[in-house]
There are 2 protein chains.
Amino acid sequence: MTLTPAETLRRHGLQATAQRLAVLRAVASQPHITADDVAAVAAVEIGTISRQGVYDALNALVQRGLIRRIQPVGSPARYEDRVNDNHHHLVCRICGAVVDVDCAVGSAPCLTAKDDRGYEIDEAEVAYWGRCPECAAQGRTSSRLDPAARRRRGAPRVVATPTPS
Amino acid sequence: MTLTPAETLRRHGLQATAQRLAVLRAVASQPHITADDVAAVAAVEIGTISRQGVYDALNALVQRGLIRRIQPVGSPARYEDRVNDNHHHLVCRICGAVVDVDCAVGSAPCLTAKDDRGYEIDEAEVAYWGRCPECAAQGRTSSRLDPAARRRRGAPRVVATPTPS
DNA sequence: TCCATGAATTGGACATTGTCCAATTCATGA
DNA sequence: TCATGAATTGGACAATGTCCAATTCATGGA
């Protein structure tokens with residue numbers, strides 16, 4: 001039997017505050033959402049939430065593995081609720097869109113370094129870079145190094161991904 | 001016959017200025033060097049170089065593929081002169097040390113996404129995360145999410161990597 | 001040698017993103 | 001009921017990279 005979000009928080013040693021629940025729902029509503037957008041979505045839902053509170057909640061949820069924090073180059077931190085499956089991401093160099101792609105292995109680390117240099121490796125982070133279908137269709141070729149494009153790339157379009165079962 | 005660095009710049013449509021040559025040497029001297037450190041090293045060498053000039057030179061060199069820009073999560077941008085071999089990186093979660101690891105394939109993209117979602121993929125960026133031998137030896141376990149650790153992680157120790165032949 | 005023009009200078013302002021501050025109040029949960 | 005973790009406020013701060021723009025420098029072709 002699945003736990004309610006509040007129960008999940010308590011199971012992880014966190015008080016189930018309205019703010020944390022709103023943050024969780026915001027992250028569930030938009031995969032790869034930024035902290036700024038979490039604040040905006042949560043504020044609409046519960047009326048007011050402090051910026052400090054948003055960051056505190058996000059950090060607490062990440063620390064307990066309830067959400068995942070990713071940060072493609074040139075992007076602010078993004079948060080997603082698909083955790084524990086070690087999935088990877090496709091990132092568009094033009095518009096910054098981020099979508100999920102399943103990991104062939106399903107757990108970390110899913111790749112073996114040719115030479116581990118004595119490192120205790122616990123994760124192989126993979127990001128596939130390229131051009132998304134929309135930017136390809138529009139014939140966009142603007143470089144990641146273009147400052148304007150980089151700024152735009154940091155604020156991607158929201159792209160639906162299949163919800164995990 | 002190999003080209004001198006100045007000739008290489010000219011071949012790539014860049015004027016061979018003292019500043020650009022100093023920046024190239026700084027990047028060659030310390031793999032995964034930050035922009036700040038490039039400025040410091042170059043200033044020692046040629047007496048004075050503007051911050052704007054350092055950023056301009058770095059961006060021009062990256063744009064022409066003469067150096068490569070990477071940015072592990074939680075780190076400022078880093079620059080290296082190993083280009084064209086699609087090598088990957090090992091990053092220490094504790095101290096932020098970054099070392100190279102050869103790509104098994106040697107060119108991009110070296111991995112195939114399970115589902116490319118219609119993206120035109122040109123690179124699979126891989127970063128192996130874990131604990132470096134030094135931090136393991138010291139028994140350090142401090143988390144990447146620890147703010148102090150994150151700040152320290154952004155300024156890693158300089159680690160020798162084999163020079164490319 | 002001349003000179004067009006790309007490059008560099010100065011050095012602060014700006015932008016973004018995330019953290020820090022700290023006294024006080026809120027609200028969760030035992 | 002109440003201890004204590006959480007949230008509030010809202011600006012300050014920090015780090016990193018970009019922008020500004022008039023002026024000067026210096027590269028490299030003629």
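So you know, we letter chains A, B, ... as the sequences are listed, proteins then strands, and number each from 1. Note that these values count all heavy atoms, side chains included, but never hydrogens, waters or copies made by symmetry.
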Contact class for A77(A) (heavy atom, under 4.0 Å): base, sugar-phosphate, or nothing?
sugar-phosphate
Side-chain touch L61(B)/V27(B), heavy atoms, less than 4.5 angstrom
no
Residues at least two apart in sequence or cross-chain that pass side-chain contact (heavy atoms from CB on, under 4.5 Å) with D102(A), listed by chain then number, are R82(A), K114(B)
Find the distance R64(B):CZ to dG6(C):C1' and express it as a whole number of Å.
11 Å
pair V101(A)-Y119(B): side-chain heavy atoms closer than 4.5 Å
no
Within the pair N59(A) and dT19(C), is there a side-chain N or O less than 4.0 Å away from OP1 or OP2?
yes
Nucleotide dG18(C), atom P - distance to CZ of R78(A) in whole Å:
10 Å
Salt bridge (charged side-chain N to carboxylate O under 4.0 Å, His left out) pairs touching residues 28-39 of chain A, sequence neighbours excluded, are none
Take atom CG of D36(A) and atom C1' of dG18(C), then tell me their distance rounded to the nearest Å.
11 Å
Atom pair distance, as rounded to whole Å: CD in Q71(B) and C1' in dT16(C):
13 Å
For residues 6-22 of chain A, which residue pairs pass the side-chain hydrogen bond (donor to acceptor under 3.5 Å, both in side chains) check, not counting sequence neighbours?
T4(A)-E7(A)
Sequence neighbours excluded, the answer for side chain to side chain donor-acceptor pair (under 3.5 Å) partners of D115(B) is none
How would you list, by chain and number, every residue that makes a side-chain contact (heavy atoms from CB on, under 4.5 Å) with A42(B), sequence neighbours excluded?
A22(B), I49(B)
Quick test of your reading: applying side-chain hydrogen bond (donor to acceptor under 3.5 Å, both in side chains), list the pairs with at least one residue in residues 38-52 of chain A, sequence neighbours left out, ordered by first then second residue.
R25(A)-E45(A), Q52(A)-D56(A)
Is the shortest side-chain N/O distance from Y55(B) to OP1 or OP2 of dG17(D) below 4.0 Å?
yes
Please give me every residue in residues 39-54 of chain A whose heavy atoms get under 4.0 Å of an atom in DNA chain C, ordered by residue number.
R51(A), Q52(A)
For A39(B), enumerate each residue passing the side-chain contact (heavy atoms from CB on, under 4.5 Å) test, keeping only those at least two apart in sequence or located in another chain.
V54(B)
Gap between atoms CD1 and C1', on I70(A) and dG18(C) respectively (whole Å):
17 Å
Nearest-Å distance for atom pair OH/P, residues Y79(B) and dT16(D):
12 Å
Ring pair (Phe, Tyr, Trp, His ring centres under 6.0 Å) partners for H89(A), two or more places apart:
H32(A), H87(A)
In whole Å, what is the span from the CG atom of L9(A) to the P atom of dA7(D)?
10 Å
Those residues at least two apart in sequence (or on a different chain) that pass side-chain contact (heavy atoms from CB on, under 4.5 Å) with V105(A) are C103(A), S107(A), C110(A)
So how far off straight is the helix from dT1(C)-dA30(D) to dA30(C)-dT1(D), going by the axes through five pairs at either end, to 10°?
50°
Of the residues in residues 12-26 of chain A, which ones touch DNA chain D at a heavy-atom distance under 4.0 Å?
Q15(A), T17(A), Q19(A), R20(A)
